Amino acid sequence: MSRHVIVVGGGVIGTACAHELSHAGCRVTVVDQGRHGAACSHANCGYVCPSHVLPLTEPGAIGNALKSMFDRNSPFRVKPRLDFALIKWLWNFARRCNEQDMFAAAEGLQPLLLSSLDLYRELIATHQLDCDWEERGLLYVYRSRDRFAAYAKTDTLLRDRYNEPARRVEPDELAAIEPALKPGMAGGWLYEHDAHLRSDKLMPAWKAMLESRGVTFVELEKVEQFQGRDGLASSVRTASGRELAADAFVVATGAWGPFLQSQLGCSIPIQPGKGYSITMPRPNPCPVYPMIFPETRVAVTPWASGYRLGSTMEFAGYDSSINPRRLDLLRRGSLDYLKEPYCEPVQEVWYGWRPMTWDGLPIIDRSPRWENTFIAAGHNMIGLSMATGTGRLIRELLLGETPHINPAYYNVDRFG
């Protein structure tokens, strides 16, 4: 009889774990408090980007954040309030904004990013998932000549230390390869090995494929309690009183991880970093490349089936409202770059809570309380980019296989 595994959380991380465990012969049930793929995995920008190897905890990051955190028009904002968990998180984040800790986090991020890119290629080629997958690269575009030139230092670092080079694109070439840009751009940096997909197409396609292989999805059931004895969990109980038994468990609840930390016997210091997006039809002209405008922190993703503006970072707790001011930042932040930055009709405005850890690394580890329960959470802003590698690592840890990457980077005990 195959081992039965319950995966708590139906976002991209939980789905990747379910995929790997099912492929290994386990009977898998995915339990989600909402609808499958409807939270942070739904309308993000869809980047699968090994170029994002450096965490947010870079030197100078906290100074820049402090300057802008209470500015309502800043891409980064902290909603003023007395929140001791957030204060502790910000303090620990600030402590890690140095070169040594940045490099340490990058050493853990890169294996997951590279593994995930390869596994996405395999997944989509094998199962023909309809998700607008393209390996076109990711283009950083600058209006300021000084900012464009200054990025050369980061490019050298990524090239020499991580073998992640960008191609420097001067203004004339930039205008030729990306005709959707307005004249007068200072230049760009093109990461030619990055890929992108449409997450709101990936998730239902992936779910349908897994259902055809026998994976069960249970929606609108919030797991609140683990039950077991002698260090082994035997079941989970949901808010509705439903009890679901299994042989092993994976907790992949994203930004909701802290709500289960007492059940798991460990600290899960995740803060919800709220991002926004606007989805619409393709404008004319539509960008050729997915792009990031670092000066305004706006991301642009074109697909064959549509177009999306996204980004911003708002620490507002578990606030489920959509702030029109944040959406307007996306529009205004693309206006100086693109000939047609947006169009009608708007098909969806969206927010998602990114699961932010203070050191930039996810948690992929066994629960200290339950020997047969594993945690896969805290993937920050690049959960989609690291999902398939995380799923493979969880399968290896749970089934006692040799890990394909070093799991020590992601231990939960680093938080005390």
Side-chain angles (χ1 to χ4, degrees), residues 8-9 11 33-34 39-40 44 55-98 101-102 105 222-225 239 251-277 297 310-330 333 349-363 368-369 375 377-383 412-416:
V8 183
Q33 66 179 0
C40 199
N44 54 62
L56 293 181
T57 52
E58 58 186 6
I62 194 63
N64 294 331
L66 289 171
K67 291 176 185 176
S68 62
M69 64 190 295
F70 298 110
D71 178 2
R72 292 193 172 195
N73 294 317
S74 168
F76 175 79
R77 178 174 179 262
V78 176
K79 182 179 179 180
R81 65 195 189 280
L82 186 61
D83 182 332
F84 292 111
L86 176 61
I87 293 169
K88 181 179 179 181
W89 189 98
L90 290 170
W91 167 251
N92 281 287
F93 177 87
R95 290 173 55 229
R96 283 160 177 79
C97 290
N98 61 77
D101 285 325
M102 179 184 74
K222 182 179 180 180
V223 170
E224 293 188 333
Q225 186 178 3
V251 177
T253 49
W256 293 93
F259 292 90
L260 286 174
Q261 60 186 358
S262 64
Q263 294 293 312
L264 298 170
C266 56
S267 176
I268 303 179
I270 289 173
Q271 283 291 319
K274 197 173 185 182
Y276 289 82
S277 74
R297 307 283 180 158
S311 199
T312 82
M313 177 69 76
E314 184 179 32
F315 286 96
Y318 294 90
D319 175 9
S320 61
S321 65
I322 291 182
N323 185 338
R325 187 185 296 271
R326 310 304 290 174
L327 296 174
D328 192 49
L329 286 176
L330 299 179
V349 295
W350 171 89
Y351 78 90
W353 290 317
R354 307 178 184 103
M356 307 297 294
T357 59
W358 65 52
D359 64 359
L361 285 165
I363 301 165
R369 177 165 293 173
I375 305 164
H379 288 71
N380 292 268
M381 298 177 70
I382 49 176
V412 70
D413 61 8
R414 70 186 192 267
F415 298 119

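Note that the structure is a prediction, hence the values are computed from the model and not measured.
The side chain to side chain contact (heavy atoms under 4.5 Å, CB included) check on Ser267 picks up Gln261, Pro269, Phe415, with sequence neighbours excluded. A search for ring-ring contact (aromatic ring centres under 6.0 Å, His included) contacts involving Tyr351 returns Trp353, not counting sequence neighbours. A search for side chain to side chain contact (heavy atoms under 4.5 Å, CB included) contacts involving Ala316 returns Lys79, Glu314, Asp319, not counting sequence neighbours. Qualifying side-chain hydrogen bond (donor to acceptor under 3.5 Å, both in side chains) partners for Arg369, counting only residues two or more places apart in sequence or in other chains: none. Scored by the side chain to side chain contact (heavy atoms under 4.5 Å, CB included) test, Asn380 finds Met356, Thr357 as partners (sequence neighbours excluded). For Pro362, the side chain to side chain contact (heavy atoms under 4.5 Å, CB included) partners are Leu109, Leu112, Ile364, His379, Met386, Tyr410, not counting sequence neighbours. Scored by the ring-ring contact (aromatic ring centres under 6.0 Å, His included) test, Phe315 finds Phe76, Trp89 as partners (sequence neighbours excluded). Annotation: side-chain hydrogen bond (donor to acceptor under 3.5 Å, both in side chains) contacts of Asn323 (sequence neighbours excluded): none. For Thr312, the side-chain hydrogen bond (donor to acceptor under 3.5 Å, both in side chains) criterion is met by no residue, not counting sequence neighbours. Partners of Asn44 according to the side-chain hydrogen bond (donor to acceptor under 3.5 Å, both in side chains) rule, which considers only residues two or more places apart in sequence or in another chain, are Ser199.
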Original post:
Yes or no on side chain to side chain contact (heavy atoms under 4.5 Å, CB included) for Tyr318 and Trp256, after CA distance, side-chain angles and deciding distance?
Top reply: CA-CA 9 Å; Tyr318 294 90; Trp256 293 93; 4.2 Å; yes
Could you go step by step and tell me if Leu86 and Val78 meet the side chain to side chain contact (heavy atoms under 4.5 Å, CB included) rule?
CA-CA 10 Å; Leu86 176 61; Val78 176; 3.9 Å; yes
Verdict with reasoning, Arg326 to Arg77, per side chain to side chain contact (heavy atoms under 4.5 Å, CB included): CA-CA 10 Å; Arg326 310 304 290 174; Arg77 178 174 179 262; 3.8 Å; yes
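Side-chain contact between Val8 and Val223 is present, with at least one heavy-atom pair separated by less than 4.5 Å. Side-chain contact between Arg325 and Asp328 is absent, with no heavy atoms from C-beta onward closer than 4.5 Å. With contacts defined as side-chain heavy-atom distances shorter than 4.5 Å, the pair Tyr276/Ile322 qualifies. Counting heavy atoms from C-beta on, the side chains of Cys266 and Ile375 come closer than 4.5 Å.
Applying the salt bridge (Lys or Arg N to Asp or Glu O under 4.0 Å) definition to pairs two or more places apart or across chains, those involving residues 353-362 are Asp359-Arg414.
Side chain of Arg95 to backbone of Trp91: no donor-acceptor contact under 3.5 angstrom is found.
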